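Here the structure is laid out as structure tokens; the discussion comes afterwards.
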Amino acid sequence: MDFLRPDTLAEALALKAQRPDAVPIAGGTDVMVELNFDHRRPAALLDLTRIAELRSWDADGDNGDTVRIGACVPYTRIIEELGERLPGLAMASRTVGSPQIRNRGTVGGNLGAASPAGDTHPVLLAADATVEAASTRGTRLIPATDFYLGVKRNALEPDELITAVHVPATRAPQQFSKVGTRNAMVIAVCSFAVALHPAQNRVGAAVGSAAPTPRRASAAEEFLSAELTSTNQWESPKPLLDSVKRRFGDLVAEAASPIDDVRGSAAYRKHALSVLARRTLGWAWQDYSGKVA
Amino acid sequence: MTATAEPEVGRARHRKEDARLITGATRWTDNMQLTGMLHMALLRSPVAHARITSIDVTEAVKMPGVLMALTGQDVAAEQGSLPCVWPITEDMLAPPAPSLAVDRVNFAGEAVALVVARSAAEAHDALSAIDVDYEDLPVVLDMERAIEDGADLVHPDLGSNKSATWVFDSAEAGTGSDVDAAIADAEVLVERTFRQQRLIPAFMEPRSVVVDPSPDSVTMWSSTQVPHILRWMLSATLGIPEQRIRVIAPDVGGGFGGKLQVTPEEVLTMLVARRIGKPVKWTETRTESMLSGHHGRDQVQRLTIAARRDGTVTGLKVDLLADMGAYLRLIAPGVPILGAFVFNGIYKFPAYRFTCTNVFTDKTPTDAYRGAGRPEATFGIERMMDELAAELGVDPLDLRRRNWIRHEEFPFDTVTGLTYDSGDYEAATDRATELFGYDALRREQAERRANGDTVQLGIGISTYTEMCGWAPSRVLGALRYAAGGWETAAIRMLPTGKVELVTGTSPHGQGHETAWSQIVADRLGVPFEDVEVLHGDTRISHRGLDSYGSRSVAVGGVAVALAADKVLAKAHTVAAHLMEVGEDDVEFTAGTFSVRGTSTTMTLGDVVTAANAAHNLPDGMEPGLDADATFDPSSLSFPHGTHLCATEVDTQTGEVKIRSYVCVDDVGKVVNPVIVEGQVHGGLAQGIAQALYEEAVHDESGTLTTATFADYLLPSAVDLPHFTTDRTETPALTNPLGVKGVGEAGTIASTPAVVNAIVDAVRHMGVSDVQMPCTPMRVWKAIHHRGDGVPTTPGAGGGLGSVNVDDQAYPRGGAE
């Protein structure tokens, strides 16, 4: 196995173009597990840890209202440095693994692995994030919604590397919640994220660990967005009716197509998602009502 | 006897061994590097039950660095059968247990071939070049189906999947009345079936073996709890004269019973090192450990309790099926039988029958795991007491009070024929309920029920007792166990007055070096720091029966005290002789002998020097002050306690949160409260984990699907509540230290407290049981009455996908 250690992004992209079979490694919290179990013996590893530009974040876009997070920024820094700007992503990051894993693991790695159970995916979907992919051919932005193609499959071309993820800083409430079989160091039985987008009169909602890919709960998003807009609640929020929360939860559950597996049955996952959706929406809306008032 | 100003026994000393253990300064077995050392790797069967039709190692032998590859056929004449020393009945069925499968495999994970290479990596790589053909046989997994007529057989030669049935009947034993009559006359009868899921010991240090053969003798380092038993059994199994085997258990990183074993890997490492004439090392991976190291628990418990309307229990009937797995390991048949003496708990039951059938299945063999038979029994009776209380509509604590042995009734002869020497269940329970705020929590529970809160509150009780100090040799003899239960200690008084203590116990995390030093320091009045504790090497500690069954302090610690007393007795004689007075005129305080009523004194150090110089000793006295003692206890000891657990159960998701956990344990006299506290905390963690998290799951083909720590859920700090612990102290009356033992108490007591609390939280919703581990899904299904048939497979965490599930539709990967 070759171990490639580029010092710059340009070098890394050149290597990836030459060696599309090289597996990128940053924190190693996913790749090393597979190597240790001999589930995978790649011909080459492409170590990204020396590339400084992948380890920084900055606020870009008009008024700095989008945060660009380098692919190798670890969860710990997202929690500590971006907790206020990107509350949903920080919440999800706090539930990843253990402190040691949060020190090493990265959102870029989460995206690269594209596991349906990845903790940050529902938040990225609900928050309208965009994945920045680069190759020697250039750089492109892939909406998170188009990024997840199948179990552990994403929209990257063989010569591409994930360089960053762009997440809108909406200054509006976001929530993330998951069910696990213990409180840490566990892979979610199911997870859910909700993000309010008042500027667009819209709600984002997405499920994890409950379908072959993380996915948006589009029907639930449309129902709730329409409901809130038609009752003028973005301007003057009122406590949400139980019937609205319930319908939202049901639609979220319908968005999932879970399976029975060792972590939980499909029926339980659907049920739990509806509970998570109702609760997180309740928290987010309470927060929003407080802010507007 | 108090020999120092501040007694050492009872002092909260920090552990003297911890610095080297925590900093990695010690040498674990896998750290051993010997000149010319080779490495062994084992190929394990991926199938649970099959005939091996061919094994071809020719390609493996050609791989880089490989020196040797062997199959079961190659070692069949030499490997013998792995020992089982506990034939519980005369007619017990026991299959031959090869270390390397010869023509059949009986569980997934059984070793079928081995490779020896220059490096561990080369040995592992060569395994994939071994070609094995298996012809599948029907897989036997379910115990209840395994004992039906016409069932497929794990070992067809034995003619049955039932290894043995062991019965204790109080009417037959003359210790009580007839349970069938009690059941026939019962005013209230409660029957339940509980399942004790299969657990994996999950010690921190994976097992490792190094064997250094020389023409004259062979040395084995092993990460074992039982170096003395291992030496004896290696000799018996392989026919090597015992005096030519030296076994060393260096510092060992945990065992929990999982290293109370004579393993196939120890036998095979020994065998190949001798064959090849060079040192050989084998160290397992975590997954290998989980697949092939023995498992624990795994019982089906059918329980019937009979009572009068006033709550007086009139009889208990216990029917167990215990899963042995594919073979009978070292003490496996006796493990469930230990529960026979615990099912009656702290109660005065007049009639009792215990029946246990040990069953073969095509699964990893089971054997001792922390508590070994006692946690299962304690769970059974403490769950039943709650169920009976619910049936009668009384407070479960009141029901216990009505039936337990009152403190003035000790010593008490129980329905199982044991005599409990001491205990005070009232004191422990009163203290626990006070710390817990029992009445306030009951009020809050009632309010939440009345309000229909989403999150309901439950209170779980476990008033346990158990048996420590294994064991009086006569008791073991009566139970058909092949060995004794005594323990030895030897004290070497060095010329400089320092002390070497040799113990036959084999600590693997318990802190014996500290506790034994305290006992010696206390007895002899020497500084704690002056005592060096030696253990684990059969050439240094030549007599011993090792550590398991909460025996170390109650048997081994007592032997230490007795050895110290012998030193002191001889020193007393020497001191009197040297001070030229009668022995009765000499007294001993704080390490100094003095002549009553005078200022003449002599320190123990001076006496040691004089005894070693031997210039002036009483006629006929041997020089030196060394002494050893072997203690065979007259009785088991019976720690007890009251554990109270409050859980909050989210009725919408099934999530269980432990809100508070209080335990008040009575482990007799305490040598070191810090060590006791550590044992209680660790024990609680393991017991709570059985209730909430851990389960070894096999799929329908017999593959273990929980063979990594991402799937087999050990609790971490964030999964456990704050523990409120306290103690009452009723000294044991059957040994001179008054100690009872604490190694397993927390594990034994805590599991039923947690499950009782969960059931209590949702009993008003029609729930009378939740099968362990009580995952959110199982709790939710129980609440919504979707429980039928649910709990058989899923349960554990799921994550890395363990073995052979690369293609599953759902994810693997460590850090999602």
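Protein chains get the first letters and strands the later ones, always in sequence-line order, with residue 1 at the start of each. For clarity, every value in this text was computed on a predicted model and none was experimentally measured.
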_Nearest heavy atoms of B:Pro776 and A:Gly180, plus distance in Å_ = CG-O, 3.8 Å
*When heavy-atom pairs shorter than 4.5 Å are enumerated against chain A, which of B:Thr285, B:Val656, B:Leu692, B:Asp650 gives the highest number?*
B:Asp650
*Tell me, yes or no, whether the heavy-atom count around B:Met204 atom CE, taken from other residues, nucleotides or ligands under 6.0 Å, exceeds 12.*
no
_Nearest-0.5 Å distance that lies between atom NE2 in B:His784 and atom OH in A:Tyr268_ = 9.5 Å
_Just checking A:Arg104: does its CZ atom have more than 12 heavy atoms from other residues, nucleotides or ligands closer to it than 6.0 angstrom?_
no
*Might you work through the side-chain contact (heavy atoms from CB on, under 4.5 Å) test for B:Thr653 and A:Arg279, ending with a clear yes or no?*
CA-CA 11 Å; B:Thr653 61; A:Arg279 287 186 183 175; 4.1 Å; yes
*Straight-line distance of A:Ile187 CD1 to B:Asp711 CG, nearest 0.5 Å*: 7.5 Å
*Does a side-chain N-to-carboxylate-O contact under 4.0 Å join B:Asp125 and A:Arg41?*
yes
*Which value, rounded to the nearest 0.5 Å, describes the distance between A:Arg182 atom CZ and B:Leu713 atom CG?*
4.5 Å
*Just wondering, more than 12 heavy atoms not from A:Arg246 lying within 6.0 Å of its CZ?*
no
*asked:* Given heavy-atom pairs under 4.5 angstrom as the criterion, report whether the side chain, backbone, both or neither of B:Ser128 touches chain A.
replied: neither
*asked:* At a 4.5 Å cut-off on heavy atoms, which part of A:Ala272 comes close to chain B: side chain, backbone, both, or neither?
replied: neither
*Distance in Å, A:Cys190 SG paired with B:Met777 CE, rounded so as to fall on 0.5 Å steps*: 11.0 Å
*To the nearest 0.5 Å, what is the distance between CE (A:Met185) and CG (B:Asp719)?*
10.5 Å
*Between atom OG1 of B:Thr708 and atom CZ of A:Phe37, what is the distance when rounded to the nearest 0.5 Å?*
5.0 Å
